[in-house]
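Letters go in sequence order (proteins before strands), and every chain restarts at 1. Heavy-atom basis, side chains included; hydrogens, waters and symmetry copies ignored.
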Amino acid sequence: MSEISARYNPLEVEEKWYSYWMSMQYFKSTPDGREPYSVVIPPPNVTGVLHMGHMLNNTIQDVLIRKARQEGKNACWVPGTDHASIATEAKVVRMLRERGIKKADLSRDEFLKYAWEWKEEYGGIILQQLQKLGASCDWDRTAFTMDEIRSDAVYKVFVDLHRRGKLYRKKRMVNWDPEARTVLSNEEVIYGMENSRLFHVKYQIEGTEEYITIATTRPETIPGDTAVAVHPDDPRYHAFHGKRAIVPLIGRAVPIIVDEYVTMDFGTGALKVTPAHDVNDFDLGVKHQLETVDVFNDDGTMSSAAGIYPGDDRFVVRKKFAADLDAAGYIVKIEDYKNNVGRSERTNAVVEPRLSLQWYVDMKALAGPALDAVESDEIEFFPKNQKNLYRHWMENIRDWCISRQLWWGHRVPAWYYGEFTFVAENIAEALEEAKKISGNLALTEADLSQDEDVLDTWFSSWLWPISVFDGFNSKEELNYYYPTSVLVTGWDIIFLWVARMAMAGFEWTGEKPFHDVYFTGMVRDKQRRKMSKQLGNSPDALKLIEDYGADGVRFGMLSCSPAGGDLLFDEKLVEQGRNFCNKLWNAMRLILGWTPDPSIEPTPLDQLAYNWMDEKLSVIALKVNEDFQQYRLSDALMSIYSFIWDDFCSWYLEMVKPGQGEPISEQCYTKTISIFTDICSLLHPFMPFITEEIWHQLKTNSQKGDCMLSPYPKGGKGDEIMLAAIEHAKTLITAIREVRAKNGLKSKEALPLYAKSSQIVSAFEKIGGYSPLVTKMAGLFSFEITDLEDIQGVNFIVDAEKYFVELQIEIDAAKELEEKQKELVHQLNFVDGILKKLTNERFVAGAPSDVIEKERKKLADGQERIRLLEQEVIKLKGLVN
RNA sequence: GGGAGGUUAGCUCAGCUGGUUCAGAGCACCUGCCUUACAAGCAGGGGGUCACUGGUUCGAAUCCAGUACUUCCCA
């Protein structure tokens with residue numbers, strides 16, 4: 001025994017077993033006759049390094065996959081990364097800048113060469129880090145959204161949607177990131193309240209000396225004004241209907257239009273309309289056929305069309321132009337104001353609404369089946385309440401802008417020739433098409449120009465559950481693995497990803513992409529702040545694994561993360577995980593230190609103990625399986641945790657532990673090992689490394705096989721009478737220990753215990769090994785049943801049974817009396833409540849018979865306790881007086 | 001502005017279809033222990049009018065309404 005360290009050392013164990021599993025190809029999956037269980041990883045950014053969110057998310061997936069594997073299913077977990085257009089391009093640009101290279105000086109191809117180099121060098125880091133966590137992915141299947149198979153799928157889908165009229169190109173208002181100089185989807189814009197100022201500016205009414213005053217937070221857009229709008233019912237402005245206003249300092253005369261869109265009590269009730277720079281204004285512009293004047297360049301500086309300060313930044317111009325207006329007497333007043341400002345998720349630049357020509361997917365045409373599937377629980381959400389969010393978004397769905405003004409990504413498969421557009425999977429097809437349409441057979445590829453933009457990264461991610469199985473080329477694997485079993489992801493990308501995958505699934509396979517969706521919470525710090533790089537509040541994931549072991553970290557992540565609920569990360573959690581590993585480790589050391597002796601028969605106590613363990617294990621396993629059904633992983637883990645720590649270590653091992661230097665019966669030894677290995681099987685999905693290690697340490701000389709592939713315990717109801725008896729014994733033993741603690745008695749001092757005779761007590765006493773068990777665990781000198789009503793010493797009630805510990809000590813009668821009286825009151829209330837129930841006809845008539853039976857039992861027990869307590873109180877009163 | 005959720009021990013949360021041996025878990029806390037598997041431990045213990053108000057009911061942490069506070073989503 002001495003050669004085994006008293007502390008569990010995870011590092012070498014983890015390294016050893018991970019490479020062993022890999023060498024055995026245990027993670028590998030190919031279609032066969034077994035039931036499949038498939039999971040696709042939410043592909044992390046190729047730029048990413050492992051953070052807490054990944055650890056939580058991937059631990060959960062690994063738990064599910066490992067359990068499925070132990071259940072004999074063909075478990076397939078497909079790993080991969082996505083190319084993260086904006087983030088990666090930004091990273092590569094920065095890297096180039098550090099090397100003194102400007103993106104603007106490079107051709108597209110040159111830039112992409114650098115980008116791929118970067119990807120090859122750094123792109124796989126996160127996947128290697130997942131291995132440290134124990135992730136049992138089928139690494140041979142590692143996919144990347146820009147590899148050949150996944151890219152082909154993207155182009156196919158684009159062409160297909162276009163052909164069927166569900167994808168189009170149009171000039172619309174978009175969210176423009178002037179720093180990245182690209183469009184953003186709605187989901188990539190983060191809104192927040194910011195301090196700004198509301199400028200009240202007066203516009204002269206054409207041909208009069210009258211003015212109309214508008215309020216705006218953005219005076220720099222005034223050069224783009226092409227109307228002033230008022231509410232039709234606003235009496236202040238009736239006189240101006242049909243007239244024109246002069247845009248101050250610009251001199252443009254613009255119509256005063258009337259529209260119910262205007263909010264009368266906001267600002268002055270008059271609204272300047274700038275169709276090129278505001279979504280709502282754009283709609284007004286379309287409705288009233290207004291001119292659009294785009295006053296900005298794509299980097300947020302003023303354009304030549306603005307006529308003022310060309311080339312200056314919009315925020316600089318805001319100040320300058322406001323000052324000009326003021327100097328010219330057009331500013332009526334300036335108020336401090338808070339408004340909602342959208343910023344780019346990636347660059348934090350203030351998003352500029354901008355008119356631009358982009359590609360869109362007609363989402364209404366795709367949403368139907370995906371919405372229905374979730375509504376009907378055909379796709380089941382865990383937790384359920386995410387359905388509301390999903391429904392709301394799907395019912396108000398807007399078209400998806402999929403083009404991005406970047407180079408890193410899938411280039412839009414559209415080619416232009418003159419005024420023609422050809423959408424095709426490749427240039428050769430586009431050329432064929434071009435020849436046909438134009439009638440010019442002499443066209444060459446050089447005559448066509450491909451769209452400069454790339455597609456939104458999610459336009460490849462939404463195909464992921466299909467494309468990782470090469471499903472757009474071949475049905476072979478798709479038929480087996482698809483729909484996947486479960487998707488595990490954060491609720492924050494329910495729209496970006498989950499909804500879109502559901503749509504793509506129905507669109508191209510006619511089926512849902514997954515049966516279940518498990519939404520994890522966000523990992524936050526103790527102050528509930530989201531973990532982020534900026535705040536620096538995220539622990540180093542790999543450091544955590546080094547310090548606490550992968551199993552410890554997995555335990556920490558899981559033990560406190562109910563589905564959908566946020567995980568408030570605290571290093572205490574992983575510490576608990578590490579301590580748990582140590583506990584398991586030491587239980588193993590204890591057992592391995594025993595000397596089994598074939599010539600000794602197991603005692604009745606031994607037999608009772610291991611039979612009880614079997615029953616209890618069975619009950620726990622059943623509960624764990626039920627918890628898995630509902631994805632209550634943290635409940636499942638905590639059940640196993642307390643089963644191991646309390647039942648197995650604190651109770652069972654102490655029950656069967658032989659005395660110092662004494663041997664243990666071989667039967668009991670073998671049985672203990674078998675229980676422990678079952679425990680390893682049960683715990684393995686959560687803590688794979690230590691369970692594998694212990695499994696092998698315990699099995700060195702006997703059975704073969706690995707914990708990872710051992711059958712997962714199914715569990716059952718268990719022997720209720722035996723379970724109840726042991727629970728009673730445990731409570732009794734605890735009560736005796738309490739007597740010790742209260743009276744300052746040493747644990748070595750053996751005590752005589754008497755039980756007041758009763759049916760229950762005799763029944764328990766008849767169970768083989770019961771009395772020896774209590775005697776051993778409570779450190780008794782003797783344990784007898786008596787008919788005496790009182791014995792000198794301390795007495796107490798367990799369930800409805802009365803026990804006496806014979807003691808020659810003074811007891812504090814007054815204090816004891818107070819306690820017993822308090823308890824009596826509680827019991828009286830308890831019984832009173834049940835009596836009320838049982839005397840109520842409607843209850844007796846209506847409640848199910850087993851409920852009534854239970855109430856009767858509770859009543860009888862309660863009454864018995866009252867009887868015993870009353871006796872006691874009378875006796876104590878006598879002593880006090 | 002529209003919508004969804006939350007409010008249970010000091011902290012983080014369980015508590016499913018209403019029924020007091022269920023007010024529970026983990027952590028934290030207090031007391032006593034270096035009892036040779038484990039001090040990363042052992043034994044014992046104290047903590048809660050289940051946000052507030054009203055209603056339904058024989059009975060409410062659990063259902064309903066309102067109030068307060070709070071989180072989130074969408075605009």
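For G47(B), the base adopts the syn conformation, since its glycosidic angle falls within 90 degrees of zero.
The P atoms of G24(B) and G19(B) are separated by 15 Å, rounded to the nearest whole Å. For U8(B) and A23(B), the C1' atoms lie 8 Å apart once the distance is rounded to whole Å. Nucleotides G46(B) and G2(B) have their C1' atoms positioned 48 Å apart, rounded to a whole Å. Comparing A61(B) with G6(B), their C1' atoms sit 14 Å apart, to the nearest whole Å. A28(B) and U17(B) have their C1' atoms separated by 35 Å, given to the nearest Å. Going from the C1' atom of U7(B) to that of U53(B) covers 15 Å, rounded to whole Å. Across the C1' atoms, A65(B) and C27(B) are found 37 Å apart, a figure rounded to whole Å. C52(B) and G44(B) have their P atoms separated by 34 Å, with the value rounded to a whole Å.
Lys623(A) and Glu626(A) are not joined by a salt bridge, as no carboxylate oxygen comes within less than 4.0 angstrom of a charged side-chain nitrogen. Ion pair Glu727(A)/Lys730(A) flagged as a salt bridge, since at least one NZ, NE, NH1 or NH2 atom sits closer than 4.0 Å to an Asp/Glu carboxylate oxygen.
Spacing between atom CZ of Phe580(A) and atom P of G41(B) amounts to 12 Å, rounded to whole angstrom units. As rounded to whole Å, 19 Å separates atom P of C73(B) from atom CE of Met394(A). Regarding Leu568(A), its CG atom lies at a distance of 10 Å from the C1' atom of C13(B), rounded to whole Å. Going from atom CD of Gln386(A) over to atom P of G3(B) covers 19 Å, rounded to whole Å. Between Leu389(A) atom CG and G2(B) atom C1' there is a gap of 14 Å when expressed in whole angstrom units. Asn743(A) has its CG atom 16 Å from the P atom of C33(B), to the nearest Å. The CG atom of Leu637(A) sits 14 Å away from the C1' atom of C27(B) (whole-angstrom rounding). Taking atom CZ of Arg391(A) as the reference point, atom C1' of G3(B) lies 11 Å away to the nearest angstrom.
For Lys583(A), counting side-chain heavy atoms from C-beta on, the closest listed nucleotide (U21(B), A28(B), G41(B)) is G41(B). The side chain of His392(A) approaches C74(B) more closely than any other nucleotide in the set G26(B), A28(B), C74(B). For Arg589(A), taking side-chain heavy atoms from C-beta onward, the closest of the listed nucleotides C38(B), G41(B), G45(B) is C38(B). Proximity note for Arg737(A) (side chain, C-beta onward) versus A43(B), G45(B), G26(B): the nearest is A43(B). Of the listed nucleotides (A28(B), A37(B), C42(B)), A37(B) has the atom at the smallest distance from the side chain of Asn586(A). The listed nucleotides are G26(B), A40(B), U36(B); the one nearest the side chain of Gln660(A) is U36(B). Across A40(B), A37(B), G26(B), the shortest atom-to-atom separation from the side chain of Tyr641(A) is found for G26(B).
Side-chain contact check for Gln576(A) and Tyr641(A): at least one donor-acceptor pair (N or O, by modelled atom type) lies under 3.5 Å. A donor and an acceptor atom, one from each side chain of Thr672(A) and Tyr652(A), are located under 3.5 Å apart.
Heavy-atom nearest nucleotides on RNA chain B were determined for Ser650(A) and for Arg632(A), and the one closer to the 5' end corresponds to Arg632(A). Nearest-nucleotide positions on RNA chain B place Trp585(A) closer to the 5' end than the other of Trp585(A) and Tyr8(A).
At a threshold of 4.0 angstrom between heavy atoms, the contacts of Arg398(A) are confined to the sugar-phosphate backbone, with no base atom among them. Among the atoms of the strands shown, base atoms are found under 4.0 Å from some heavy atom of Lys657(A). Nucleic acid contact class of Asp861(A) (heavy atoms, under 4.0 Å, all strands): base. Within 4.0 Å (heavy atoms only), Cys581(A) reaches no atom of the nucleic acid at all. Nucleic acid contact class of Glu395(A) (heavy atoms, under 4.0 Å, all strands): none. Within 4.0 Å of Arg7(A), counting heavy atoms only, lies at least one base atom of the nucleic acid. Using a 4.0 Å heavy-atom cutoff across all strands shown, Arg578(A) reaches at least one base atom of the nucleic acid. Residue contacts shown for Gln576(A) are limited to sugar-phosphate atoms, with no base heavy atom under 4.0 Å away.
Within the structure, a side-chain polar atom (N or O) of Thr734(A) is placed less than 4.0 Å from OP1 or OP2 of G44(B). Between Asn388(A) and C73(B) there is no side-chain polar atom (N or O) within less than 4.0 angstrom of OP1 or OP2. When the side-chain nitrogen and oxygen atoms of Trp594(A) are compared with OP1 and OP2 of U36(B), none of them lie within a distance under 4.0 Å.
Here Phe686(A) and Phe628(A) bring their ring centres to under 6.0 angstrom of each other.
Both distances falling under 3.5 Å, in either a Watson-Crick or a G-U wobble arrangement, place A51(B) opposite U67(B). For A9(B), there is no paired nucleotide, since no Watson-Crick or G-U wobble pair has both relevant distances below 3.5 Å. Base pairing analysis places A23(B) opposite nothing; no Watson-Crick or G-U wobble pair with both distances below 3.5 Å involves it. A 3.5 Å limit on both hydrogen-bonding distances identifies no Watson-Crick or G-U partner for G59(B). Checking C72(B) for Watson-Crick or G-U wobble geometry (two distances, each under 3.5 Å) identifies G3(B) as its partner. In this structure, C16(B) makes no Watson-Crick or G-U wobble pair, since no nucleotide meets both defining distances under 3.5 angstrom. Pairing for C29(B) is with G45(B), a Watson-Crick or G-U wobble pair whose two hydrogen-bonding atom distances lie under 3.5 Å.
Side-chain atoms of Ser650(A) come within 3.5 Å of backbone N or O of Trp645(A) as a donor-acceptor pair.
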*Chi angles and distances behind the ring pair (Phe, Tyr, Trp, His ring centres under 6.0 Å) call for Tyr548(A), Phe555(A)*: CA-CA 10 Å; Tyr548(A) 294 96; Phe555(A) 180 97; over 10 Å; no
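Screening Phe648(A), Trp594(A), Trp585(A) against Phe676(A) for a ring-ring contact (aromatic ring centres under 6.0 Å, His included) leaves a single residue, Phe648(A).
A cation-pi arrangement is present between Lys384(A) and Phe382(A) under the rule of less than 6.0 angstrom and at most 45 degrees off the ring axis.
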